[in-house]
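Every chain is numbered from 1 and lettered A, B, ... according to where its sequence line falls, protein lines coming before strand lines. These values consider heavy atoms only, across backbone and side chains, with no hydrogens, waters or symmetry-generated copies.
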Protein chains: 2
Amino acid sequence: MDLNERKLKILQAIVSDFIKTSEPVGSRTLSKRPDIDLSPATIRNEMSDLEEMGYLTHPHTSAGRVPSDKAYRLYVDQLMKSADLPEENKQEIAQRLGANTAELDQTVEHAAKVLSDMTNLVSFAITPNRSESKINYINFLPVDSSTVVLMIVCEDGKVTNSAIKMSAPYTEENLTFMSKVMTHNFKGKAVSTLLTENIAATFESDMQSLSGLAGSVVPSFIKTLEKMLNVDLYMDGYSNIFRLPEYNDIAKAKNFLETVTNKDEFTNVLVNREQGLMITIGDENAEDLKDCALITADYKVNGKLVGRLGVIGPKRMKYGEVTSVIKYITDNLSKTFEIEAPREEEDSDE
Amino acid sequence: MDLNERKLKILQAIVSDFIKTSEPVGSRTLSKRPDIDLSPATIRNEMSDLEEMGYLTHPHTSAGRVPSDKAYRLYVDQLMKSADLPEENKQEIAQRLGANTAELDQTVEHAAKVLSDMTNLVSFAITPNRSESKINYINFLPVDSSTVVLMIVCEDGKVTNSAIKMSAPYTEENLTFMSKVMTHNFKGKAVSTLLTENIAATFESDMQSLSGLAGSVVPSFIKTLEKMLNVDLYMDGYSNIFRLPEYNDIAKAKNFLETVTNKDEFTNVLVNREQGLMITIGDENAEDLKDCALITADYKVNGKLVGRLGVIGPKRMKYGEVTSVIKYITDNLSKTFEIEAPREEEDSDE
DNA sequence: GTTAGCACTCCAACATGCTGAGTGCTAACA
DNA sequence: TGTTAGCACTCAGCATGTTGGAGTGCTAAC
């Protein structure tokens, strides 16, 4: 039995119908469609074949058919008409994103909001990973008699800082010296490289004169480097799920929200996805997300650093529309962060 | 008709029963309680009086009584036994909070998580407002030929920075000069004070020699100061609301989540509350939160800066327990940020 | 290969009746 | 005069039964 054109057409009709209505699709409903000129009985025969082939399922005897994960995958890969985003939507996105281009963080957070508004789904966005960013310089600044601030500046302008409680008294000269030596040693190296090197050794040879201080500094320096690698996750549109009939069941809504609000795990899922426009459906996802579809795409900062955003929702999702919104937003972001490249601003909070 | 002791006792029983079960409380149920030695009929009479006085309501003829906002208020103010937190809970909190004292931000976020776990409610925490923090110094750092990073350091060690796209070429000397002049002018002044001053005037007189640069710097400086005032909001336990029968209704759950995930508005509500341990119930809250109770308390950083955390949930809330958890956590935080005072660390992200 | 027809299945919606929990009122009691 | 027993009444919730519609699968005819 092979997937001939007629079967494909019927399958496509079922999937797109189900995406619209979330109701199992029956043979009579399909036969009424202008693009399908077959009697219900014929359609039933084809449906029966499609079910045997694993593309459809059957909630109960007298219900219509529901697409399987396999059907969604086929739909996304071959059957879906890739909707071009209407001009008005493009304008709305461009306008809303443009309103606030000052800071990467804020812009990314804002992009997530726009995305959830446009798709009526739960959206998310993560900031770029800095592991390959190169150190520009390192600075120690006095705060009070026992505290200094360590500041690491990357070539892309990203600044990370931590306060360090010094175990021994320090002088301004000490700080200047450490700043110079460390900048000299580490400038141009990638954060990830530094984290695999034995930094303590470098310190030992260079900073014998202030051994009392180096002890407090090394662990803080490593921690600050690690902080530089943190990726921020922004999410928006949680309450959109209540519009979807699949989450009328409180237990399901709860499960979904629990999975999705577990920031650490969810960030992990996002960071570890493949690059580019990625759609994963049902079983293709991790255990907790088996009932969901996930769409992500990447944006670039300065043409190099890569961040990511997307949506999560039921498998019954308007893949075409959503995909084009996501693509448009990521393109837009990449452009924003290119033109204003060095404008990327950094904040520091507690 | 006055609130004699018997009425109070009955009211108290009704409120605490309703808090436990979320079911309207009937006269027979009450008469079975060991501490109430009255027949159902007598209790009915008293209930009828209490209803007339506005302390109780009646979902329908043949249902038990439900406390009104007025009853909750009385309960919280007079009737509630303030539960002492069991030693084991104290230990759990102390342990979980202690595990991570490195950074204010992280600790505060973590405190919110602990709070929602302990109370099974939606919790939140905001970082301190820095408007009265004093500037320690100001630094301009080169990034690339047209970009510099502006960094403002407060006396409490908080660092805020932004990247500035320069409208004219600059030299390292320019930056050093600006750093010195601005630090000299602004050191020791509070952020809020600076924001009300005419900063541009200061620049004009001092920086004539680099007028081409000052134009890019003034607006960025003001924006960075404003950034220093941003308060971060952390929330946790969203999915806890699904355990509560009052949110079995999808529409209610949706409303609640929408209100609570509106970060800007909710932050505003929190920032503008009175200081100290505050409980607001039902009508005492803003329109959107009329069905909720809100409990907040403050923590101190260095004995000065004030942050805030708390929970939000249905009016039917275990006020005693929740209050003592919140108090214990805020006390604990204040202590953490006191002992480790200068250890407060700052991060910088995009 | 396609289709009409038919028997069959199952869900959803509605009606019905019953039970239990609760009330308010009245009259009797201490 | 305050308390209580008793009674009629109300209402939500549950179980049960009924019906109609939407759907299927199969068979036989075109």
Next item on the list: In whole angstrom, give the distance that lies between atom NE2 of B/H60 and atom P of D/dT10.
Entry: 14 Å
Notebook entry, point to check: Under 3.5 Å, side chain of B/R308 to main-chain N/O of B/R273, donor-acceptor pair present?
Noted result: yes
Checklist line | Residue pairs involving residues 58-71 of chain A (criterion salt bridge (charged side-chain N to carboxylate O under 4.0 Å, His left out); sequence neighbours excluded) | finding: A/E51-A/R65, A/D69-A/K315
Notebook entry, point to check: Across all strands shown, which nucleotide pairs with D/dT18 by Watson-Crick or G-U wobble geometry, both distances under 3.5 Å?
Noted result: C/dA13
Note to self: For A/S123 and A/D236: C-alpha separation, side-chain torsions, deciding distance, then whether side-chain hydrogen bond (donor to acceptor under 3.5 Å, both in side chains) applies.
What the structure shows: CA-CA 5 Å; A/S123 68; A/D236 214 303; 5.6 Å; no
Notebook entry, point to check: Within this structure, what is the CD-to-C1' distance between B/E46 and C/dT23, rounded to whole angstrom?
Noted result: 16 Å
Note to self: Counting C-beta onward and ignoring hydrogens, is there a side-chain heavy-atom pair between B/R6 and B/L38 closer than 4.5 Å?
What the structure shows: yes
Margin query: I need the CG-C1' distance between A/N45 and C/dT2, as an integer number of Å.
Written below: 9 Å
Checklist line | hbond_proxy A/S62 side chain to C/dT9 base (donor-acceptor, 3.5 Å cutoff) | finding: yes
Notebook entry, point to check: Considering every strand shown, what is the Watson-Crick or G-U wobble mate of D/dA29 when both distances are under 3.5 Å?
Noted result: C/dT2
Checklist line | Distance, rounded to the nearest Å, where A/D17 contributes CG and D/dA22 contributes P | finding: 15 Å
Next item on the list: Check whether any side-chain N or O of B/S48 sits under 4.0 Å from OP1 or OP2 of C/dT23, and answer yes or no.
Entry: no
Next item on the list: Report the nucleotide, chosen from C/dG24, D/dT24, D/dT4, that has the shortest atom-to-atom distance to any side-chain atom of A/S27.
Entry: D/dT24
Next item on the list: Spell out yes or no: do the side chain of A/T42 and the base of C/dT2 have one donor N/O and one acceptor N/O closer than 3.5 Å?
Entry: no
Note to self: With a cut-off of less than 4.0 Å, is there a side-chain N or O of B/R65 near OP1 or OP2 of C/dG22?
What the structure shows: no
Next item on the list: Please report, rounded to the nearest Å, how far the P atom of C/dC25 is from the CE atom of B/M47.
Entry: 15 Å
Notebook entry, point to check: Quick check: does any side chain N or O of B/S324 sit under 3.5 Å from a backbone N or O of B/G320, one acting as donor and the other as acceptor?
Noted result: yes
Note to self: Does C/dC10 have OP1 or OP2 under 4.0 Å away from a side-chain N or O of A/T61?
What the structure shows: yes
Margin query: Ignoring hydrogens and geometry beyond distance, is the side chain of B/R28 in donor-acceptor contact with the base of C/dG22 at under 3.5 Å?
Written below: no
Note to self: Rounded to whole Å, please give me the gap between CZ in B/R44 and P in C/dG22.
What the structure shows: 10 Å
Margin query: If I take atom CG in residue A/D37 and atom P in nucleotide C/dT3, what distance separates them, rounded to the nearest angstrom?
Written below: 8 Å
Check: How do A/P24 and B/R6 order along DNA chain D: which one's closest nucleotide is nearer the 5' end?
Finding: B/R6
Next item on the list: Would you classify B/A63 as touching base, sugar-phosphate or nothing, given that sugar-phosphate means primed atoms plus P, OP1 and OP2, and contacts are heavy atoms under 4.0 Å?
Entry: sugar-phosphate
Item checked: Atom pair distance, as rounded to whole Å: CG in B/L56 and C1' in C/dG22 -> 14 Å
